[in-house]
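Only one structure is covered here, and it is reproduced in the block below.
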Amino acid sequence: RSLAARARQRVITDDARCYRGAEILVAAFHVAAEIERRGASDKVGLLLPTSGAFPIAALASWMLGRTIVPLNYLLKRDELAYVIKHCGTDLIVTVQPMLDFLGYEPEGCQLLRLDEINFKAVPELRWPALASDDDLAVLLYTSGTTGLPKGVMLTHGNIKANIRQGIEGMGISGRDVFLGVLPQFHSFGVTQLTLTPLTVGGRVVYTARFNAKKVLELMRKHGTTTFVGIPSMYNALAMSKEASPEDVAHLRLLVSGGEPLPDAVLQRFREKFNKTICEGYGMTEMSPATHCCTPGRRKRHSVGPALPGVEQRIVDAETGRVLGPNQEGEIRMRGPNLMRGYYRDADATAKAMDADGYLRTGDIGRIDEDGFLFITGRLKEMIIVGGENVFPREVEEVLCRHAAVSAAGVCGIQDPIRGEVVVGFVELEEGLNATPEELRTWCREHLAGYKCPREVHIVGELPRNPTGKIMRRELHTLLPAEQQASSD
């Protein structure tokens with residue numbers, strides 16, 4: 001349903017205010033007029049907190065036929081400067097509190113502060129541009145596993161396709177009330193938590209920072225039906241002392257993504273709220289959602305079947321040979337939601353695709369006879385111990401099943417005899433204790449010998465990216481200095 005048709009209805013609520021359909025449209029026209037007045041380039045940077053300001057700025061940019069570049073405000077100064085320069089934007093839409101959070105003003109471009117626009121004036125704007133499906137809608141920068149961030153080019157057609165796929169595959173409708181806390185510079189924040197609610201005519205409630213108590217209060221107050229989060233968020237909700245089943249009474253779809261959902265978190269959440277978390281999967285390059293379980297169609301440890309229109313296959317990573325059901329190999333995908341490519345990087349784009357037009361995900365997994373995808377690791381993170389393959393995720397799952405462990409990360413370090421050996425890092429649950437030897441013994445009871453960590457390090461905090469996903473490639477920095485040179 002269009003925003004005009006919902007002119008008087010509440011559409012968005014954030015930490016500051018509520019927006020009705022007409023207010024969103026009028027605000028977007030004002031912002032578009034100001035962007036046009038400043039003569040901005042075809043790329044418009046968005047440096048905004050999770051809020052109603054983001055869809056307003058996005059709609060304003062698209063009215064003018066511009067491409068939005070959501071900027072990660074958790075990047076370091078030099079990293080953000082690289083993205084700004086690489087995409088070529090000369091205008092960033094922001095708000096003063098965000099600049100206060102950064103502690104500096106990005107250089108090399110104009111800053112359009114939404115809190116300085118007079119929204120009561122009559123906007124002077126030419127007729128809005130009509131975007132085609134082939135036009136570039138969003139440029140999202142993803143860190144990947146190595147090297148500088150790459151700009152993922154998503155067209156209007158890509159985004160629209162993924163919205164349709166999510167609606168059909170997850171049963172989303174205008175009756176749904178979303179709660180959005182994932183950052184909107186993240187691909188899931190853009191598509192699933194910003195554009196999907198607007199498309200189906202649902203309502204969305206945003207809060208800029210995750211706080212378990214506040215999120216539960218918002219769920220109860222607004223009757224949230226749909227929530228997308230990462231495992232650490234679900235764990236915090238389940239551990240909240242003030243939480244009760246009434247807080248989540250209206251929730252029908254809880255989706256976890258970004259990293260594996262530990263059994264302990266799933267069970268803890270189920271016991272606390274009598275609700276089951278469904279795992280999902282996706283990549284920025286796929287706009288991003290590709291798989292999702294639903295309450296009536298799920299298998300434990302699976303991220304679900306492919307969404308409608310997503311083609312999936314498992315191949316031998318070295319030969320490209322397509323493998324059969326339950327055979328482990330690289331996950332590859334294609335569909336109408338597959339990106340146009342990487343911005344200003346034809347070589348990286350070519351390397352990302354195979355001869356049949358499938359995206360090389362770099363993830364290892366298997367597809368069962370029912371079409372359910374099970375992810376078992378990352379191709380580049382695979383550890384080879386004495387000629388045997390070890391996938392970090394499998395070892396991490398075992399560590400996380402120990403009652404004292406709240407989170408775990410695993411990597412490999414070089415060994416003169418076995419090639420590599422496994423090393424584990426764990427965060428402990430508050431108030432609980434375990435020794436490294438106890439955790440190694442636990443692993444020996446549940447894993448083949450070559451998969452067991454030679455060392456387990458108990459740490460205060462594991463390295464995570466802005467969305468909370470454990471960054472395995474950074475684990476070596478937690479090792480003693482003399483071991484870091486031999487780490488993977």
Side-chain angles (χ1 to χ4, degrees), residues 1-14 18-29 32 46 50-63 65-68 70 128-138 140 154-182 184-206 222 224-228 252-253 255 257 280 282 284 286-290 292 294 307-310 335-339:
R1 297 172 62 196
S2 70
L3 290 171
R6 304 171 66 203
R8 297 177 179 273
Q9 297 175 13
R10 287 182 300 154
V11 176
I12 295 172
T13 302
D14 63 19
C18 169
Y19 298 84
R20 301 182 187 278
E23 292 171 323
I24 296 170
L25 281 175
V26 171
F29 271 101
L46 305 187
T50 302
S51 64
F54 186 95
I56 287 171
L59 290 173
S61 302
W62 291 330
M63 284 178 178
R66 308 293 211 274
T67 300
I68 64 168
L130 296 176
S132 74
D133 283 355
D134 292 332
D135 289 338
L136 190 59
V138 187
L140 281 164
L154 300 178
T155 66
H156 285 278
N158 292 151
I159 298 290
K160 286 161 63 176
N162 202 229
I163 291 171
R164 290 193 300 268
Q165 290 166 328
I167 291 170
E168 185 178 345
M170 291 182 270
I172 295 168
S173 74
R175 296 186 297 274
D176 278 309
V177 180
F178 297 74
L179 195 149
V181 68
L182 292 177
Q184 288 163 310
F185 60 70
H186 189 278
S187 52
F188 277 91
V190 173
T191 304
Q192 269 62 49
L193 295 175
T194 301
L195 300 178
T196 295
L198 293 178
T199 300
V200 298
R203 288 194 295 120
V204 59
V205 179
Y206 294 120
H222 296 279
T224 300
T225 66
T226 305
F227 180 71
V228 180
R252 67 164 193 87
L253 181 62
V255 179
T284 303
M286 295 295 289
S287 301
T290 61
C292 193
T294 57
L307 294 176
V310 174
N337 50 320
L338 176 58
M339 67 171 181

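Numbers for residues simply follow the sequence, beginning at 1.
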> What residues, two or more places apart in sequence or in another chain, satisfy side chain to side chain contact (heavy atoms under 4.5 Å, CB included) together with Thr284?
Replying inline: Leu140, Thr142, Val152, Ser187
> When rounded to the nearest 0.5 angstrom, what is the spacing between OG1 in Thr191 and CE in Met286?
Replying inline: 12.0 Å
>> According to side chain to side chain contact (heavy atoms under 4.5 Å, CB included), who are the partners of His186, at least two apart in sequence or on a separate chain?
In response: Pro183, Phe188, Thr467
>> Please report the interatomic distance OG1(Thr155) to CG(Asp135), rounded to the nearest 0.5 Å.
In response: 8.5 Å
> In Å and rounded to the nearest 0.5 Å, what is the CE to CG distance from Met63 to Leu130?
Replying inline: 11.5 Å
> Minimum heavy-atom separation for Ala60 to Ala28, with atom names?
Replying inline: CB-O, 3.2 Å
> Can you list the residues that meet the side chain to side chain contact (heavy atoms under 4.5 Å, CB included) rule with Leu25, with sequence neighbours excluded?
Replying inline: Leu3, Ala4
> Ignoring hydrogens and geometry, is there a side-chain-to-backbone donor-acceptor pair from Arg66 to Ser61 under 3.5 Å?
Replying inline: no
>> According to salt bridge (Lys or Arg N to Asp or Glu O under 4.0 Å), does anything in residues 156-170 pair up with another residue at least two apart or in another chain? List the pairs.
In response: Asp133-Lys160
>> To the nearest 0.5 Å, what is the distance between OG on Ser287 and CE on Met339?
In response: 10.0 Å
> Can you name the nearest heavy-atom pair linking Pro70 to Val190, along with the distance?
Replying inline: CG-CG2, 4.3 Å
>> Do Val11 and Arg203 have side chains that approach each other closer than 4.5 Å (heavy atoms only, starting at C-beta)?
In response: no
> From Thr194 OG1 over to Ile56 CD1, what is the distance, rounded to the nearest 0.5 angstrom?
Replying inline: 11.5 Å
> Hey, does the side chain of Trp62 reach the backbone of Ala137 with a donor-acceptor pair shorter than 3.5 angstrom?
Replying inline: yes
> Is there a side-chain contact between Leu154 and Leu136, using heavy atoms and a 4.5 Å cut-off?
Replying inline: no
>> Is it the case that the side chain of Gln9 and the backbone of Gly21 share a donor-acceptor pair, with hydrogens and angles ignored and the cut-off at 3.5 Å?
In response: no
> Do the non-hydrogen side-chain atoms of Pro55 and Leu198 ever get within less than 4.5 Å of each other?
Replying inline: yes
>> Quick one, Tyr206 and Thr13 - any side-chain contact, counting heavy atoms below 4.5 Å?
In response: no
> Thr226: what forms a side chain to side chain contact (heavy atoms under 4.5 Å, CB included) with it, not counting sequence neighbours?
Replying inline: Asp176, Phe178, Arg252, Leu253
>> Measuring only between side-chain heavy atoms, which start at C-beta, is Thr50 closer than 4.5 Å to Val181?
In response: no
>> Counting C-beta onward and ignoring hydrogens, is there a side-chain heavy-atom pair between Thr290 and Leu307 closer than 4.5 Å?
In response: no
>> Testing the basics here: between Gln165 and Pro308, what is the closest heavy-atom pair and its distance to 0.1 Å?
In response: CG-O, 2.9 Å
>> Restricting to non-hydrogen atoms, name the atom on Ser132 and the atom on His156 that form the minimum distance, rounded to 0.1 Å.
In response: O-CB, 3.6 Å
> Are any of the side-chain heavy atoms of Phe29 and Leu59 separated by less than 4.5 Å?
Replying inline: no
> OG1/Thr294 to CD1/Ile172 distance, rounded to the nearest 0.5 angstrom?
Replying inline: 11.0 Å
>> I'd like to know if the side chain of Thr224 reaches the main chain of Leu179, judged simply by a donor and an acceptor atom lying under 3.5 Å from each other, with no hydrogens or angles considered.
In response: no
>> Holding to salt bridge (charged side-chain N to carboxylate O under 4.0 Å, His left out), I want the full list of residues that pass it with Asp14, two or more places apart in sequence or in another chain.
In response: none
>> Between Gln192 and Asn162, is there a side-chain heavy-atom distance shorter than 4.5 Å?
In response: yes
> Which atoms form the tightest heavy-atom contact between Cys292 and Met170, and what is the distance?
Replying inline: SG-SD, 3.6 Å
>> Could you check whether any side-chain N or O of Arg6 sits under 3.5 Å from a backbone N or O of Gly201, counting only pairs where one atom can act as donor and the other as acceptor?
In response: yes
>> So, applying side-chain contact (heavy atoms from CB on, under 4.5 Å) with Val138, which one of Ile68, Asn158, Leu46 is it?
In response: Ile68
